[in-house]
Structures are given as structure tokens and as C-alpha cells.
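Step one of this worksheet: look at the structure below.
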Amino acid sequence: MKVILTTLAGQIAEERELTAVLRFPHLIMCNSFLYILLEVDGQTATYRYLEYYLLPPSPIE
């Protein structure tokens, strides 16, 4: 199965082959970046970069 990773502007950032995948997940992490599924066309899926922020854990009061 082939994955196309795109930027926020829609440009292709990278293309990869996935092995041992039965169906495409909604979110994937690749090279420390988070991508969300846009469309699936047969054996090819397109993902777009998703900006996210990790917040530090808050103390439990």
C-alpha cells in the first residue's frame, strides 16, 4: 500500500510504501510529524500534515 504525505499547501512532501497494513489508519506519525487521512484511492492514500502542540502535563491537585 502506498502513502502520499502532503504539506498544508498541498505539495507532496514524501511518498512511502507501507507493509503489513490491512487498512489505512486515520492518523499516522512519520518522521516526528502527524498526518491525517484525506482520501483513499484503491491501494493509495493521501495524508495531509496536521499541526499539533504537546502541552506539558499539568499537576494533579
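Since we're looking at a predicted model, the values are computed, not measured. Sequence positions, counted from 1, serve as the residue numbers for this chain.
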Among all residues two or more places apart in sequence or in another chain, which pass the side chain to side chain donor-acceptor pair (under 3.5 Å) test with E39?
none

Which distance, rounded to the nearest 0.5 Å, do you find between the OG1 of T6 and the OH of Y35?
8.0 Å

Please go through I12's hydrophobic cluster and name the other residues, only I, L, V, M, F, W, Y counting, with side-chain heavy atoms under 4.5 Å joining them.
I4

Here the salt bridge (charged side-chain N to carboxylate O under 4.0 Å, His left out) pairs for residues 4-14, sequence neighbours left out, are E14-R16

Who pairs with A45 by side-chain contact (heavy atoms from CB on, under 4.5 Å), at least two apart in sequence or on another chain?
F24, L37, V40, Y47

May I ask whether M29 and L27 are part of the same hydrophobic cluster, defined by side-chain heavy atoms of I, L, V, M, F, W, Y residues being less than 4.5 angstrom apart, directly or through others?
yes

In chain order, what residues pass the side-chain contact (heavy atoms from CB on, under 4.5 Å) check against E51, with sequence neighbours excluded?
L8, Y49, Y53

Kindly write out the residues that satisfy side chain to side chain donor-acceptor pair (under 3.5 Å) with E15, not counting sequence neighbours, or none if the list is empty.
K2

Enter the distance from I36:CD1 to T46:OG1 here, rounded to the nearest 0.5 Å.
13.0 Å

Could you tell me which residues satisfy side-chain contact (heavy atoms from CB on, under 4.5 Å) with D41, sequence neighbours excluded, listed by chain and number?
none

Testing the basics here: between V21 and M1, what is the closest heavy-atom pair and its distance to 0.1 Å?
O-SD, 3.2 Å

If we only count heavy atoms from C-beta on, is the L34 to I28 side-chain gap below 4.5 Å?
no

Partner residues of E17 under the salt bridge (charged side-chain N to carboxylate O under 4.0 Å, His left out) criterion, sequence neighbours left out:
none

